[in-house]
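Structure first, commentary second.
Below, read A as the first sequence line, B as the second, and so on, with proteins coming before strands; counting in each chain starts at 1.
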There are 2 protein chains.
Amino acid sequence: MSAQVPTLKEIAKRLNISVSAVSRALHNHPSIGLRTSARVHQLAAELNYEPNQVALSFKRSKTSMIGVILPNLNHDFFASIVSAIEDVAYRKNYTLLLGQSRDEEDREKRLVESMKSHRVDGVLVSIAKNTANYAHFDLLKKMNIPVVFFDRIPRMPDIHYIASELESGMEAAVRFLVKKKHRNIGMINGPDSLLASKERLEGYMHALQKLRIKIDLSSVVSSNLSREGNQQAMQEILDMKRRPTAIITFNDYVAMDAIKYAKKAGIKINEDISFVSFANEPICNYMDHPPMASVEQFPYQQGEKATELLLQLLEGDEKTRTSNNFHKILLPPQLVIHEAQA
Amino acid sequence: MSAQVPTLKEIAKRLNISVSAVSRALHNHPSIGLRTSARVHQLAAELNYEPNQVALSFKRSKTSMIGVILPNLNHDFFASIVSAIEDVAYRKNYTLLLGQSRDEEDREKRLVESMKSHRVDGVLVSIAKNTANYAHFDLLKKMNIPVVFFDRIPRMPDIHYIASELESGMEAAVRFLVKKKHRNIGMINGPDSLLASKERLEGYMHALQKLRIKIDLSSVVSSNLSREGNQQAMQEILDMKRRPTAIITFNDYVAMDAIKYAKKAGIKINEDISFVSFANEPICNYMDHPPMASVEQFPYQQGEKATELLLQLLEGDEKTRTSNNFHKILLPPQLVIHEAQA
DNA sequence: CTGTTAGCGCCTTCAC
DNA sequence: GTGAAGGCGCTAACAG
């Protein structure tokens, strides 16, 4: 006999008044009698009445839920982004429906389906590394569900997104190494399918070009970002006849795998080969041999901006939402130099 | 003029049949004519019709959403748990409503409120480190929303939970160190408010007692688990007149802070002072001086079990849900010895 | 001041 | 085989 979840109807019945009177009383509608109002409020409190958000969502066709789809949570980078999203969303009374694609296009698709059928008000997405088909995102548009992409952006026209200005981050990385007298700078990039890989490569080439250093694309290798892929990439570099004296890696995890692997091969980190990476993950602080520097991408700020943009789209009128004014925000990253370890 | 989201009504109107006919057709109800059924299916596909999950939730008073409340996502431990929850939930078509308490009781409370009003079908919770008042969880019970706690369990009677058998994990840690000839084993524990701290301490004492080693509680210090707290705790240990030769830490993050701090103080890790910790976070693999061993707590399995239990409660009948049969599952942890680093 | 009504999308019972 | 009606909880327009 567990007490049923209280409803307006229940309160109305007990008080012998109409449902709408109860509703109005609880909303402190001016036209409700003081006595009635008080009685309603009291009983509501007694019963722990709480508006049924599902009914409200249904009625208003607005769920106050934001869908978040990202590759995974195991990197501090994404965890920070989620924190930011949550913080901003929460202030505006939105809740998070979360899903990890695990970098699988199928899962990503299913997640989009799920979010769509749950009628989230908007979606924040960082795409899976191999997603090539973007039809599932178009469906969201058709449903009038705004989408803001962050960090990993699809190569689609007409989208809103927030990401790091990777090219300039890369240029800073290259400049840093060149200033340290490196002239043969290798790179472990991510998979070609990611826009982010392309941008890094372009930054790399531009920077070298500007500095009038010969570009040797044979010292650029790709990894699929798995541990094995990273190790293999490092091996490729070690095998080069003209081995680079510095390596820029796609991110800190790649750097960590590469560094560990290189160490085993007898390389002195940041002496024989210097490393610079992206993301500036907090764990770098715990390594004895972290990369010399890492390009900080400010995930929290990225998450904030993305959410703010999405909420703005949500709260704007139909015009705003469906206009052809697409926001493409690039945040400047910042090269952070790690203090030498003891 | 963006196409409105299609509904049964819309399809019915276009086909000049009734809403219920459409509904039945889409569910392949046998009593619907073949022709009609085909026409309905076709139009539905054309319009990208998709049942409105909100309406369904409303009607069925079941949202197919599971609430997940945990302190944060920045530890791989919790990220893995979320992955497990998501995997299990997804198989049964449940979606995740996620919130981080950031170890603040207030936020935790607000999250519970939010989940409650969104009428999640059930909730998985790992409590904030300072949560002392559990009234908000009682409210869930009153709403007939089952709760399963994981990892961080409140000191409440009559709850379902899954956690690691920390005592035995701690005993394994102590035995390991004693076998390595340590007789003066210190400990950096977590805050007293956590049950997990209490259990570690008990395991510590039991183990020493069994091994007939004198217990010296002055070599046990507490940290609030912040970086500063961890450093301070390490300092306290370094200051001891009878400085321990080994330290067991609350988890790997504490260990990492302590190790880094000790290194700066000139301590040789795992020589002057040996470390053993809990959680066995993957980043240990990247450290030059990880703790000698870490108590693996199998977060993924914990998440799986917790979710399976919750779903079982959800799918059971009212009897199951409200019975006084509370599941208290303890998973045996396992001491993992880290290979010596190169 | 308060009650009645209608409707959001869907399913289900009952009627034809 | 198909349609009509009712109801899940809530709000808002319209009547009194």
Side-chain angles (χ1 to χ4, degrees), chain A residues 3-41 43-44 47-65 93 116-121 143-145, chain B residues 3-41 43-44 47-65 93 116-121 143-145:
Chain A
Q4 262 330 291
V5 181
T7 67
L8 291 187
K9 195 200 254 183
E10 173 73 10
I11 297 181
K13 202 194 303 178
R14 296 214 198 190
L15 257 36
N16 254 322
I17 59 179
S18 76
V19 176
S20 49
V22 179
S23 170
R24 283 184 283 232
L26 289 175
H27 288 97
N28 297 315
H29 192 285
S31 79
I32 280 296
L34 226 65
R35 259 190 56 75
T36 318
S37 179
R39 294 204 314 148
V40 170
H41 277 286
L43 184 56
L47 300 178
N48 281 312
Y49 170 78
E50 189 144 21
N52 182 339
Q53 183 66 41
V54 180
L56 283 175
S57 299
F58 176 50
K59 170 142 190 71
R60 305 210 249 256
S61 2
K62 167 161 182 359
T63 53
S64 296
M65 297 193 304
N93 277 306
K116 212 172 23 153
S117 77
H118 274 94
R119 300 292 196 264
V120 294
D121 293 337
M143 297 268 293
N144 253 318
I145 300 177
Chain B
Q4 261 333 290
V5 181
T7 66
L8 291 187
K9 195 201 254 183
E10 173 73 12
I11 297 181
K13 202 195 302 177
R14 297 213 196 190
L15 257 36
N16 254 319
I17 58 179
S18 76
V19 177
S20 46
V22 178
S23 170
R24 282 186 281 233
L26 288 175
H27 288 96
N28 295 316
H29 192 285
S31 79
I32 281 295
L34 225 65
R35 259 189 58 74
T36 318
S37 179
R39 294 205 312 148
V40 170
H41 277 286
L43 184 56
L47 299 178
N48 282 313
Y49 170 78
E50 188 145 22
N52 182 338
Q53 183 66 42
V54 180
L56 283 174
S57 298
F58 176 49
K59 174 148 187 67
R60 305 211 247 257
S61 6
K62 168 162 181 358
T63 53
S64 296
M65 298 193 305
N93 278 305
K116 213 173 22 156
S117 77
H118 274 92
R119 300 293 196 265
V120 294
D121 293 336
M143 297 268 293
N144 253 318
I145 299 178

*With DNA chain D as reference, determine whether H27(A) or S31(B) sits nearer its 5' end, using the nearest nucleotide of each.*
S31(B)
[Y] and [X], any side-chain heavy atoms less than 4.5 Å apart:
{"X": "N93(B)", "Y": "S64(B)", "result": "no"}
{"X": "R14(A)", "Y": "I11(A)", "result": "no"}
{"X": "V40(B)", "Y": "L15(B)", "result": "yes"}

Among the candidates [options], find the nucleotide nearest to the side-chain atoms of [X].
{"X": "K59(B)", "options": "dT2(C), dC8(D), dT11(D)", "answer": "dC8(D)"}
{"X": "I32(A)", "options": "dT2(C), dT11(D), dG9(C)", "answer": "dT2(C)"}
{"X": "Y49(B)", "options": "dC10(C), dG9(D), dC10(D)", "answer": "dC10(C)"}
{"X": "N52(B)", "options": "dT11(D), dC8(D), dC10(C)", "answer": "dC10(C)"}

*OP1 or OP2 of dT2(C) sitting under 4.0 Å from any side-chain N/O of T36(A)?*
yes
*asked:* Does dC8(D) have its OP1 or OP2 closer than 4.0 Å to a side-chain nitrogen or oxygen of K9(A)?
replied: yes
*asked:* Can you measure H29(B) atom NE2 to dT12(C) atom P for me and round it to whole angstrom units?
replied: 9 Å
*asked:* Any residue in residues 14-24 of chain B with a heavy atom nearer than 4.0 angstrom to DNA chain C? Just list them by number, or reply none.
replied: S20(B), S23(B), R24(B)
